[in-house]
Amino acid sequence: MTVTTALPHADAVALADEQLASWLKREGCDEPPPALRGPTGQPFAAPAPGAPPDPSTSSTAPAPGPGFAERLRLGDRVLLDRDHGPLRGGAGAGRYDRRRLRTPAAHGTQQLTVTVATAAGGPTWLRLEAETHSTGSGVRTPCRVPVPELARTLLPLLDATDGPTAVRLAPRVITADEVDALIDELCDPERRLPTVVASVPVNLPLDHWVEDVVGPLCHQLPGLATAYVLDPVARAGFNIALEYHTVYGGAVRTYLPEVDPASRQDSARHPVLARGRIEQDLRRAAGLLAREPRRLAADQPLPRPLASVPVLRVPAPQLRRAADPAGPVEPATPATPARSAASADLTELAALAREEQQDRAEQQARADELEQVRHTLRLERHDRRDRGQGREGHDGREAREARPRTGGRALTGRHCTTSAAGPAVGQHPVVPPVDGFGKPGNFTELISRLGEFPLLTFTGDQKATLALDELQRTGAGWARLAWDGLTALQEYAEAAVRGTAGGDFKQWCEHTPEGCHRFPPRKAVRGESRTVFSHTKWKRERMLPVPECVDASRRAFMGAHLRIGGGRTAPRLHYLDDCSGSGRIYVGYIGLHLTNTRTN
């Protein structure tokens, strides 16, 4: 949701912190310590590197470096990042405060971000974003994310507005005297949120319809739309004034911004939810009603103050480089100033450091194991070809021997190249690209170069991937298209780990940032159909390997996939997006189309 408030910036931030702390306390988490603030109520700016600690503060935790957020651990897998500073454009442009809370969910992580931004001389804007990052077998779309409790508690306290309109929690009944004001609101050019207007069926009590139908129907709308109910007299006057945009008979209509009352064509933009569908399944109707407000909230450009908020940057965890947990604190970033800390705080930081070191060691061990398997398969392949059993034969072997070799991996232009002095320890020479564009010409080369994507882990069976080389005559561009997909996945993962991806990979493809590699959105599929998911055998085919840190069973359903070919063979690349968990994307399969209703 994106709303404005008449409260001063500091009061809006304090109110958001208070409600967030109250919710955390009810959930059994630790309450975050208060943010450091000066005598005027403004947040303290981070001191310059090497500056002495501020004696006026009571906090013993290290302050974040300039331009970085402060990260607090408030429970098991409960992290709170908070930062503040001037808006882009200089200190005179205004300031912002931001809170990002991550909590565990049934099959992933829930993320809640609250941003308060105030431009110089302008109103205070508040934006609340709720996301669910799935790491299990289910795929949760944005319309499935429930309205967070924080939105319901903040709205009445903020006296939130959308232009001249008050944003309320519950629908408000409109009488005949208020029809003109409602029409002015619908036509107001400053209105950003949709307006939902409900009618009451003839011969049904108004109070009964509002309480039993309209209230539950608008349960998913707080912060996303304003809602009104026309009483019988108001309905008649409203429909006379808006002859092309009428609503009656118990139907509900969603009026998008920029209503044109005099245009018959404009009426088609504003969807109507009929009474029959509402009464047939009220819960499903509530989801349908919230679909358009959610889409508009996600797609609409941000107002200038919120768009000027810099990207959230979180420093590396404290004590990451500390060899002795009981020893002195060693900050992970040079910009973090040294501050005195109590022994209890040092002990807690040391425990966090040990835990993170163990996680990194486990991830590195899994990566080394996968790399060893890949290396063994490469050696076996080369041995078979050297014995004349490979498909290229003797001529192909001579061609390979004539190719120049480098000491490290052959990297594309967007990566740093390695030294050609000789092979590094634990590395093996890789054939450089031969197509002149940095893309592999076949899947054998693609498999050997997967290490060029640091945030992607291939956990699948290489035999299925290498088998595609036998079909290269009918699909010469498959390897290059798969490489394009992996490149886009890597760039998306880099943004997702930073929290700046703006959605899932499908949305990334639809709105690829400037300077990034574009993958066709129609070839990026979020998940399999319900038929495939419900079919035991077909679902089992898509239960692909993942590390134990992702799923204890070491298997996860990978319905999300990329189309890297068409026709009957139809190669696919299946993956699992775990950027919100382990910070990686796991590619579990690259090969021919798995079984579904169209394969045999």
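Just so it is clear, the structure is predicted and the values come from calculations on it, not from any experiment. In what follows, every heavy atom counts, from backbone to side chain, and hydrogens, waters and symmetry copies are set aside.
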Spatial distance of atom [atom1] ([X]) from atom [atom2] ([Y]) [nearest 0.5 Å]:
X	Y	atom1	atom2	answer
Asp162	Thr4	CG	OG1	7.0 Å
Leu126	Thr118	CG	OG1	9.5 Å
Leu154	Glu18	CG	CD	9.5 Å
Arg82	Thr113	CZ	OG1	15.0 Å
Asp577	Trp508	CG	CH2	12.0 Å
Leu544	Arg555	CG	CZ	7.0 Å

Which heavy-atom pair separates [X] from [Y] by the least distance, and what is that distance?
X	Y	value
Ala151	Leu169	O-CD2, 4.5 Å
Ala69	Asp81	CB-CB, 4.4 Å
Ala225	Val196	CB-CG2, 4.2 Å
Leu296	Arg192	CD2-O, 3.7 Å
Val114	Ala16	CG1-CB, 4.3 Å
Ala482	Leu446	CB-CD1, 3.9 Å

Side chains of [X] and [Y]: is there a donor and an acceptor less than 3.5 Å apart?
X	Y	answer
Thr124	Thr5	no
Arg127	Thr2	yes
Tyr492	Asp504	no

| Sub-6.0 Å ring centroid separation between Trp483 and Phe453 | yes
| said: Between Thr153 and Leu150, is the side-chain contact (heavy atoms from CB on, under 4.5 Å) condition met? List the steps. | reply: CA-CA 5 Å; Thr153 57; Leu150 187 62; 4.0 Å; yes
State, with a plain yes or no, whether a side-chain heavy atom of [X] is found less than 4.5 Å away from one of [Y].
X	Y	value
Glu528	His561	yes
Arg563	Arg572	yes
Pro32	Leu74	yes
His219	Arg152	yes
Thr103	Cys29	no
Leu128	Leu112	yes
Glu292	Pro194	no
Ser308	Tyr96	no

Kindly say whether [Y] contributes a backbone atom to a donor-acceptor pair with the side chain of [X] at under 3.5 angstrom?
X	Y	value
Arg77	Arg102	no
Arg294	Gly287	no
Lys506	Val525	no
Arg526	Ala560	no
Arg191	Leu193	yes
Thr465	Ile590	yes
Thr459	Pro545	yes

| request: Give the intermediate values and the outcome of side-chain contact (heavy atoms from CB on, under 4.5 Å) for residues Asp97 and Asp17. | output: CA-CA 10 Å; Asp97 280 77; Asp17 283 341; over 6 Å; no
| What residues, two or more places apart in sequence or in another chain, satisfy side chain to side chain contact (heavy atoms under 4.5 Å, CB included) together with Glu31? | Ala21, Lys25
Near [X] [atom1], under 6.0 Å, is it more than 12 heavy atoms from other residues, nucleotides or ligands?
X	atom1	answer
Arg269	CZ	yes
Glu258	CD	no
Arg26	CZ	yes

| request: Please state whether the rings of Tyr589 and His574 are parallel, tilted or perpendicular, taking 30° and 60° as the class boundaries. | output: perpendicular
| Run the side-chain contact (heavy atoms from CB on, under 4.5 Å) check on Arg71 and Arg100 step by step: do they pass? | CA-CA 9 Å; Arg71 168 158 289 185; Arg100 185 178 72 180; 3.5 Å; yes
| Which is it for Arg313 and Asp83 under the salt bridge (charged side-chain N to carboxylate O under 4.0 Å, His left out) test, yes or no, and what are the steps along the way? | CA-CA 9 Å; Arg313 301 170 61 198; Asp83 67 333; over 6 Å; no
| task | Mind running side-chain contact (heavy atoms from CB on, under 4.5 Å) on Leu455 and Gln490 for me, showing each step along the way? | result | CA-CA 6 Å; Leu455 295 183; Gln490 167 66 26; 3.5 Å; yes
